[in-house]
Undergrad: 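Have a look at this one.
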Amino acid sequence: MKKLLLAALLLISSVAFAAPQYGGVLVFGRSGDSTTMDPSHATDGESFYAASAVYDNLVQFKYGTTEIEPALAESWTVSEDGLEYIFKLRKGVKFAKTKYFKKDSEFTSKDVVFSFKRQFDENHPYNKVGGAFKYWSAMSMSDIVEDVIAVDKYTVKITLKKPEAPFIANLAMEFAMILSADYADELAKKGDQEEIGRKPVGTGPFVFQKWTKDDKITFEANKEHWNGRPYVDKLIFKVITNNSVRAAELKAGSIHIMDFPNPAEVADLESDPKIKLVKQEGLNVGWLAFNNEKKPFDNVLVRRAIRHAINTEGIVNSVYEGLGKVAVNPIPPTMWSYNSDLKGYEYNPEKAKELLKEAGFENGFETNIWAMPVARPYNPNGRKVAEAIQADLAKVGIRANIVSYDWGTYLKRSSMGEHDMVLIGWTGDNGDPDNFLNVLLSAHAAAEKPAQNRAFWKNAEFTKLIDEAKVTTVVEKRTQLYKEAQLIFEQEAPVHPIAHSIVVAPMLEKVQGFKLDPVGKRRFKDVWIEK
Amino acid sequence: MLGYTIKRLLWAIPTLLGVSIIVFSMMHLAPGDPALVMLGEHASKESVDALREQMGLNKPLIEQYILFLTNTLQGNFGTSTISGEPVLYEFLERFPATIELSLVALTFATIVGLFAGILSAVKRYSVFDYAAMSTALAGVSMPVFWLGLMLIYLFSVELGWLPVSGRLGYEFDIDHVTGLFLVDSLIAQDYEAFWDALKHLILPAIALGTIPMAIIARMTRASMIEVMKEDYVRTARAKGCTKMQVILIHALKNALMPVITVIGLMLGTLFAGSILTETTFSWPGIGKWLVNAVNQRDFPIIQSTTLIIATMFVAVNLIVDLLYALVNPKVRLG
């Protein structure tokens, strides 16, 4: 026993105190290629991965969390009315020199102005380069931002049209990364503006070397990075489309980390002694939304009854193949302000029957469940989930028919409120609770059709809390408000949360320090390889 | 001959027009608003409208088609909606990879197919004949992606002899002159890179070349058996030629005629097969790129690339036909 204890202690200490080692080449096997190196135009995760290597933001997510911390901006202050943000920039940060950009260029306020203004100022020379700024529009930034002004070399002022607390989280997203104004000027002089999306110049932890389309992107460590150099010397993103082939590459040891394994192959990978898994709940939620506008779902007793009638754990175990976590709240547990005091509704068909009786539906009723036709990150198989719910509801006397359409039609008709109950969900954009609670459940999101609030739940009390949190910039205060909102959500049961998916990254045992970011980023600065 | 050539060239026009109409309408008749599908749950009314506008989906279908056609005729193949890059630029960046793989696969298919076919014909009903022909039958019936995965498991994961996927190990970096890595590595005199590129080619070339190889083998066998019965072969034997002389000089030359036509047309099959092979082996060519574009509903890429491939297909057919007419007057006069 003593020996065992000693061995355990030794093991713990060796893990805890193993000093990170520098050097080596890290190969990351991923399922698709980047589409562009200009993050303001990208909408896909693969492009964002590469952008995270090359560029920095003013603020960033603390590695592995949704909390915001300073990055290129050393600090910031918000005016009393929440309409003026002043950012103090980090001094002495340099843009990386490459074969195609040799200028000694310091990061200053002009780069911030360039990176943001071109996305909303139609007269900006880079406004028409590379197509639409899709994320800027998707995050409604033009409704939020009034202007971006360089106060002096190291100070930037951003004025807003309305108070908007989640704005700061938007600045940590890829579309708000900082590009070099000097480089853009140099390209413009040569008439090569398009190159900005092909050969990036940034201040990030890695320096871009070469991009062979659909094959690989090579980066070198930025030894001058303001936050310390990355541990590895070289980083390679390798595209391996087929999930099984990617797993084979990992087993063969020709890549170090793989993205998105087939759920069915995870157990096999885990059994390989050379391979370990890093897991984390994704920033998503899959749920069954009740149409609160329709009878009998306007009755809270019916909604509660259904929440008791569904065996959620059974569904998650059978459909998610171990890669799901039963959801209780409308936001994932990795998100700040998650209310861990709430426990959800236990599976209890008897209680469900009692509630139905109380609501006047002793003999149940007939209804429909819409099942999504495609696999989504938060729900790998809509049809199977619908069938399981159908069976559970039958046990309490509710007769549900399963309905499905092609994905486009499904989204459209459910946003018009044609369903009784619909399986749907959400993947977060910026790690801010507003991005779930406001966008999906507030009365604003159900004010007109087509609506994002597919529960068509218009609770004044809930919406008031969300609105207040949106204009409060103090994180503690916002946390409190969101926790209260989740309590109302639990009592009112507008939707039945099913699961948050679990993201798995299999990697070689010798790879250390890798964390999965809840916001879906892949960052490699703090990753090192054991020799 | 000139009249025949012009006639055939004119015939290619309706074919290509037909292809363009089919490609265009298939993409647009597929269920679901592409803008809505691209945005998914995040689609708000404003963002869908904006995206439809940007993708040019607001115009009437016929107008969209005419615009697509006129642009294509002017050599403007459009811009990818996903990456914002010109389609032609993206196409040309990936095309050499597909060419290299197809050529190596065709070489493999031709050499092995001819050899097996001749040997089977000469040693008809022998053990070798049966073995070769059943292998050929299995080859034709095997799905490319399955064969690919099996080859990977056997030769890369279990035996560790060959790389799993890709075109070149990450430790190599060669300048892209022709885009064909076997050629580029020789130009750079980097023999290690050449060897590595060759190793990366073996499995995908086998996977892609197996079906053509099987077809060539069966075709050669049948054609050889036919020719061996001819009078001139008997005459050759009678005048005392050795067996080798009879087979290689008198029989094979004539037997090869139909086989060569098939090999020419096989290039089209190879392009089609490359879509599956490239996806399995992460081969950075146009096949994989096209699959990706279909998944993301990148209309400009799908439309233009399908049209480019169809044009090449028609061109190859045309050349084969013209060559045929050149050697066989019956065709052009008939």
Side-chain angles (χ1 to χ4, degrees), chain A residues 25 27 32-36 38 41-44 47 129-132 134 137-138 140 194 197-198 209-210 212-216 218 234 236 238-242 244-246 248-249 251-252 254-255 374 376 405-412 415 424-427 429 439-440 448-450 452, chain B residues 30-48 50-51 53-54 79-86 89-90 93-94 97 145 148-149 152-153 156-157 160 163-171 173 176 278-286 288-289 291-292 295-296:
Chain A
V25 180
V27 187
D33 198 9
S34 293
T35 56
T36 172
D38 182 347
H41 291 297
T43 51
D44 58 308
S47 295
V129 178
K134 294 165 204 154
S137 333
S140 309
E194 300 288 343
R198 297 170 188 164
Q209 296 293 314
K210 194 173 178 182
T212 312
K213 288 271 172 82
D214 279 344
D215 184 17
K216 66 179 177 207
T218 321
K234 213 169 171 183
I236 292 168
K238 191 140 179 32
V239 180
I240 306 153
T241 325
N242 186 301
S244 305
V245 174
R246 203 157 59 249
E249 289 272 21
K251 285 184 154 191
S254 41
I255 61 174
V374 288
R376 303 300 293 166
Y405 299 99
D406 71 85
W407 185 224
T409 313
Y410 187 90
L411 289 167
K412 193 168 192 166
S415 70
I424 195 79
W426 184 255
T427 303
D429 292 305
V439 180
L440 303 174
E448 56 179 81
K449 291 172 185 171
Q452 297 270 60
Chain B
D33 179 347
L36 198 57
V37 170
M38 271 174 75
L39 290 165
E41 301 86 344
H42 291 59
S44 64
K45 198 179 171 308
E46 295 76 32
S47 56
V48 171
L51 191 61
E53 175 77 44
Q54 191 204 334
T79 331
S80 154
T81 43
I82 305 288
S83 72
E85 292 278 8
Y89 169 87
E90 299 245 306
E93 230 176 314
R94 292 165 173 90
F145 59 91
L149 281 179
I152 289 175
Y153 276 112
S156 309
V157 179
V164 179
S165 69
R167 263 186 106 184
L168 194 64
Y170 59 79
E171 59 274 31
D173 187 19
H176 297 192
E278 288 180 6
T279 311
T280 307
F281 288 93
S282 285
W283 194 263
I286 48 168
K288 201 178 105 180
W289 176 60
V291 171
N292 217 358
N295 287 338
Q296 299 183 312

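Here is how names work: the chains are called A, B, and so on, in the same order as the sequence lines, proteins then strands, and each is numbered from 1.
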Undergrad: Quick one: pull up CG in D33(A) and CG in N292(B) and give me the separation to the nearest 0.5 Å.
TA: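 If we round to the nearest 0.5 Å, D33(A):CG and N292(B):CG are 8.5 Å apart.
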
Undergrad: Heavy-atom count check: over 12 atoms from other residues, nucleotides or ligands less than 6.0 Å from Y405(A) OH?
TA: yes

Undergrad: Heavy-atom distances under 4.5 Å only: say whether E249(A) touches chain B with side chain, backbone, both or neither.
TA: both

Undergrad: Pick one of side chain, backbone, both or neither for S137(A), based on which atoms fall under 4.5 Å of a heavy atom in chain B.
TA: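 Neither; nothing under 4.5 Å.
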
Undergrad: Ignoring hydrogens, what is the shortest heavy-atom contact between K216(A) and G169(B)? Give both atom names and the distance.
TA: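 Heavy atoms only, the tightest pair is NZ-O, 3.7 Å.
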
Undergrad: Please identify which of these residues, V245(A), I240(A), N242(A), meets the side chain to side chain contact (heavy atoms under 4.5 Å, CB included) condition with V164(B).
TA: V245(A)

Undergrad: What part of V25(A) gets closer than 4.5 Å to chain B, counting heavy atoms only: side chain, backbone, both or neither?
TA: side chain

Undergrad: Between K210(A), R246(A), H41(A), K449(A), which has the largest tally of heavy atom pairs under 4.5 Å with chain B?
TA: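 With the most close heavy-atom pairs to chain B, the winner is K210(A).
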
Undergrad: Shorter than 4.5 Å, heavy atoms on both sides: which option in V291(B), D173(B), T79(B) has the most such pairs with chain A?
TA: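 Top count of heavy-atom pairs under 4.5 Å with chain A: D173(B).
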
Undergrad: Going from OG1 on T241(A) to CH2 on W289(B), what distance comes out if it is rounded to the nearest 0.5 angstrom?
TA: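 Answer for the OG1-CH2 pair, T241(A) versus W289(B), is 14.5 Å.
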
Undergrad: Would you mind checking which part of Y153(B) comes under 4.5 Å of any heavy atom in chain A, side chain (CB onward), backbone (N, CA, C, O), both or neither?
TA: side chain

Undergrad: Quick check on V27(A) against chain B: is it the side chain, the backbone, both or neither that has a heavy atom closer than 4.5 Å?
TA: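 Interface part for V27(A): side chain.
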
Undergrad: Please classify the contact of T212(A) with chain B as side chain, backbone, both or neither, using a heavy-atom distance under 4.5 Å.
TA: side chain

Undergrad: Measuring from R94(B):CZ to D214(A):CG, what's the distance to the nearest 0.5 Å?
TA: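 It is 4.0 Å, given to the nearest 0.5 Å.
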
Undergrad: Report the option among L411(A), V374(A), T36(A), V439(A) that has the most heavy-atom pairs separated by less than 4.5 Å from atoms of chain B.
TA: L411(A)

Undergrad: Please flag which part of A252(A) lies under 4.5 Å from any non-hydrogen atom of chain B: side chain, backbone, both or neither.
TA: side chain

Undergrad: Tell me which of these, R198(A), R376(A), K238(A), has more heavy-atom pairs under 4.5 Å with chain B than the rest.
TA: R198(A)

Undergrad: May I ask you to test the P284(B)-K213(A) pair for a side-chain heavy-atom distance under 4.5 Å?
TA: no

